[in-house]
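Naming: A, B, ... by sequence-line order, numbering from 1 per chain.
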2 protein chains.
Amino acid sequence: MTEQDAKRGPDSAEPAPAPYGAAIDLLTVPFAGAPIFTRARALRPTGKVLPEHARSHNRALVLQTLYTAGAQSRADVARETGLTRVTISDLVADLIAEGLVIELGQREDARPGKPAILIDVDRAAFQIIGVDLSEHQRFLGAVIDLDGGIVSRAEVDRAGATGERAVDLVIELVRGMLASTTTPVLGIGVGSPGVVDPLGVVRSAPNLGWTDVALQARLANEFSLPVHVANDANVAVLAEHGASQLDDLLLVKIGHGVGAGLIIGGRPVIGGGFAAGEIGHVVVGTDGGPRCACGKHGCLEVWLAVPRLTARLDAIDPESPDAASARDDILHEAGRRLGIVLAPVVGALNLAEVVLSGPAELLDGALHEATVETLRNRTMAEHNRDLRLRMTAQAQDIVLRGAAVMVLSGQLGVA
Amino acid sequence: MTEQDAKRGPDSAEPAPAPYGAAIDLLTVPFAGAPIFTRARALRPTGKVLPEHARSHNRALVLQTLYTAGAQSRADVARETGLTRVTISDLVADLIAEGLVIELGQREDARPGKPAILIDVDRAAFQIIGVDLSEHQRFLGAVIDLDGGIVSRAEVDRAGATGERAVDLVIELVRGMLASTTTPVLGIGVGSPGVVDPLGVVRSAPNLGWTDVALQARLANEFSLPVHVANDANVAVLAEHGASQLDDLLLVKIGHGVGAGLIIGGRPVIGGGFAAGEIGHVVVGTDGGPRCACGKHGCLEVWLAVPRLTARLDAIDPESPDAASARDDILHEAGRRLGIVLAPVVGALNLAEVVLSGPAELLDGALHEATVETLRNRTMAEHNRDLRLRMTAQAQDIVLRGAAVMVLSGQLGVA
DNA sequence: TCATGTTTGTTAGTAAAGCTTACGAACAAA
DNA sequence: TTTGTTCGTAAGCTTTACTAACAAACATGA
């Protein structure tokens, strides 16, 4: 415990309730003569805003500016944020005192005026624990630095563990990684399959035999660190969002199952029942299809889940002269089915970007092409001309890095 | 002009740019020991927050509290908002000075302590002009009070007018309504078909022959009042949102065309190309279908648009013994097609509520039933158990009232 | 070489916003 | 009549970010 104490992030003494209670996440700016649209329309105000909330926001803004733009002077930050140099100096002093920001010495390049002192987020000050529970056979973990770089990896064989035993495995995995950290830990981020509510309770994850497992509370209690838990696909899209900077984004994660993560207007979509993105069991098309484990016929998963796809591909006789085209046909059909399901979503949300995550050898070819073609044929070209469908650049680590983004965002307001 | 001056809402001297420029619409509350979820996760801060922004927000909060809960004392508002009585008194003094709030005299009921002075939004102080351009043959308008009640109506026959002539018709319609207002006007709200950007430029509305028509600017210039313009379905969903209080909502508006409006996490969805909700030309199913004006086969509109539906129904021989069942078949098929398109959207967004707007005699029967049945059969029952599909309660006036909500929200931060 | 201009970061003082504390007014209940 | 409660307001405090001013440290050009 004392060892963990030393590794704690700032302000994380206990996983206490939010200091501002039900305080607010938005400011409306009403009463202007002309319409105001920063992103959406003016919004219903949902709680009071005190000066200290503004301070919190501005501090996060400074951190965000440094985080994305890198080392620069206080004056640079002032210009970029619109706050004054005085205010920035004050905020930066706080951040330095907390160990989040460091001075790097004078700027080298020669220009008139007093030379600037460069400051930056101390990217070596904290590490983050990322956990990916979405694979079928094993749980993955990583120690991740503030830049999203993976410092070290760990994994445990799931060996079919479910229920309480699976929870113990997660705890064991995290404990091992905490022992290997070389700095204080900012927090723990977990991407879990299934439906996860905003408090980090896994409402339902059939593969793991979990029903109403309070994973966030369990881990927070065990390690006395900030913990964030969310659905694996919803976590994955955070990683992609950090990379793409686009504010509307759909990520389809194809693995043992098929799930999606959505960001709209820069905000993750959770869903009324916390089940946003669960498109694996939406029926595709009007021509039936193979029977799914859920009882329906023609669910997206029966066309697209990796086990189903590989089984179908393995059934091809590799000696056959048509083997290559048979393979393409199977992948083409899978891609078409994905396009059919995505078309209404892309149309309704007028999405600019759809990202695929999963085995590139399956997705990044005939399947990808068929999905694009189907989307183009089934939506209004005029509105969705700019739509891009691409493979993720994050490969296997997308959930781990997304988990880090979740912690960064939750603890520092940075991503 | 002097007459209009008298009718102006507060702070609407000129349609000037927003006083706070690119100021901010959200506050993050980072750095808490435990995850903070008001609605979504912590967010990237996107701009500075000054004390006056907090003041604006809190003022809107007071207004919102009074608007929804009705007449009450300053102390009541203080308890409800969490601000102190002192601060509430100060804010209310401002609001009274601006004519937005009035004192109603002492509370009647007998209880201990000094009797409270009731205050309320002065619901008779301002009126709103709502305009609905979504009908094919005519433009509708209404003078609407702050409660959303329709004070008077107006309409002009479109007579096929397009382009500049159609703009002139809108101006004429608004001018007539302004002449009939009996109070200052808070603003003008317009629901237009087509793609409308956040600045109120109608990027494209084929029916009206509009391309890049700066309707907001034109009207603001003409009348020197705050003007808000948005897509008709996106406007309609605002009316429904005001009524339902749910934070995730999809409204499907079926008329001459088919469009949708979306609210997710309490925020209207605009879309990357400002074309969110344009589902009319998404292809339904995998079995082809009638040819659409857009060139594709089996678009949602060919199954569901009112002209198509009525044409198909009119083709039934009313004398035939099967007339009733033939009618049901047609409506059932239309509903099924709607369900097929909605299923992926409902699944991906985990929507709690879908609302239908359009001719009740067509929608509120076999069609509605078929849509519900199809949605249930094609999505995961477990996740979408609570899904409700219902007819709007707003009938014909949904766009007009939504336009009023848009103005209320934009000008007062209230809805 | 030296005066001039520029840029940085800090100090001092000010304005705005909401808080705490305190108080008089007005009432119900004992 | 006394006591306790509630309301609205006043006075003063704290926090926050702002403006104004300045010293330090550099480049540039006469």
Side-chain angles (χ1 to χ4, degrees), chain A residues 19-21 23-24 27 29 45 47-62 66 71-97 101 103-119, chain B residues 19-21 23-24 27 29 45 47-62 71-97 101-119:
Chain A
Y20 306 126
I24 287 334
L27 269 180
V29 186
K48 62 180 175 179
V49 172
L50 303 184
E52 67 232 52
H53 299 132
R55 176 84 170 179
S56 277
H57 177 98
N58 288 335
R59 190 178 69 164
L61 177 62
V62 170
L66 286 174
Q72 56 197 301
S73 71
R74 292 169 172 84
D76 292 332
V77 176
R79 276 185 291 265
E80 193 159 332
T81 59
L83 293 161
T84 63
R85 290 201 308 270
V86 179
T87 301
I88 295 299
S89 281
D90 195 43
L91 287 166
V92 166
D94 281 4
L95 292 169
I96 288 177
V101 167
E103 293 195 335
L104 300 175
Q106 285 193 3
R107 180 181 266 147
E108 290 297 317
D109 60 339
R111 37 180 196 176
K114 174 177 171 179
I117 303 165
L118 292 177
I119 54 173
Chain B
Y20 307 126
I24 287 331
L27 267 182
V29 185
K48 62 179 175 179
V49 172
L50 303 183
E52 66 234 53
H53 300 133
R55 177 82 171 181
S56 280
H57 176 97
N58 288 335
R59 190 177 68 164
L61 178 62
V62 170
Q72 57 197 300
S73 71
R74 291 169 173 86
D76 292 332
V77 176
R79 276 184 292 265
E80 192 158 336
T81 59
L83 293 161
T84 61
R85 289 202 307 269
V86 178
T87 302
I88 294 299
S89 280
D90 194 43
L91 287 167
V92 166
D94 281 5
L95 292 169
I96 288 177
V101 166
I102 46 170
E103 292 195 335
L104 300 175
Q106 286 193 0
R107 180 181 267 147
E108 289 299 318
D109 58 342
R111 35 181 196 175
K114 174 177 168 177
I117 303 165
L118 292 177
I119 55 173

Legend entry - Candidates C:dA17, C:dC19, D:dC18 - which lies nearest the side chain of A:Lys48: C:dC19
Legend entry - Nearest-nucleotide pick for A:Ser89, side chain only, options being C:dA17, C:dG9, D:dG8: C:dG9
Is there side-chain contact between [X] and [Y], with heavy atoms separated by less than 4.5 Å?
X       : Y        : value
A:Arg85 : A:Ile88  : no
B:Leu91 : B:Arg59  : yes
A:Arg74 : A:Glu103 : yes

Inset, instruction - Taking only heavy atoms on the protein side, list every residue of residues 78-87 of chain A lying under 4.0 Å from any atom of DNA chain D, sorted numerically. - result: A:Leu83, A:Thr84, A:Val86, A:Thr87
Atom [atom1] of [X] and atom [atom2] of [N]: how far apart are they, to the nearest Å?
X        : N      : atom1 : atom2 : result
B:Ile88  : D:dT6  : CD1   : P     : 18 Å
A:Lys114 : D:dC22 : NZ    : C1'   : 11 Å
A:Arg55  : C:dA16 : CZ    : C1'   : 16 Å
A:Glu108 : D:dA25 : CD    : P     : 16 Å
A:Gln106 : C:dT8  : CD    : P     : 12 Å
B:Gln72  : D:dC7  : CD    : C1'   : 14 Å
A:Leu118 : C:dT8  : CG    : P     : 11 Å
B:His53  : D:dC18 : NE2   : P     : 10 Å

Legend entry - Closest-nucleotide 5' rank along DNA chain C - winner of A:Pro51 and A:Glu103: A:Glu103
Which atom pair, heavy atoms only, marks the closest approach of [X] to [Y]?
X        : Y        : value
B:Ala71  : B:Leu104 : CB-CD1, 3.6 Å
B:Val49  : A:Ala54  : CG1-CB, 3.7 Å
A:Gln106 : A:Pro115 : OE1-CG, 3.5 Å

Inset, instruction - Could you check whether A:Ile117 gets within reach of a base, just the sugar-phosphate, or nothing at all, counting any heavy atom under 4.0 Å? - result: sugar-phosphate
Inset, instruction - Would you mind telling me which residue lines up with the more 5' stretch of DNA chain D, B:Asp90 or A:Pro115, judged by nearest nucleotide? - result: B:Asp90
Inset, instruction - Between B:Ala75 and A:Gly113, just flag the one whose closest nucleotide in DNA chain D comes earlier from the 5' side. - result: B:Ala75
Legend entry - Side-chain donor-acceptor pair present, B:Asp76, B:Ser73, cut-off under 3.5 Å: yes
Does OP1 or OP2 of [N] have a side-chain N or O of [X] closer than 4.0 Å?
X       : N      : answer
B:Ser73 : D:dT6  : no
B:Asn58 : C:dA17 : no
B:Arg74 : D:dT9  : yes

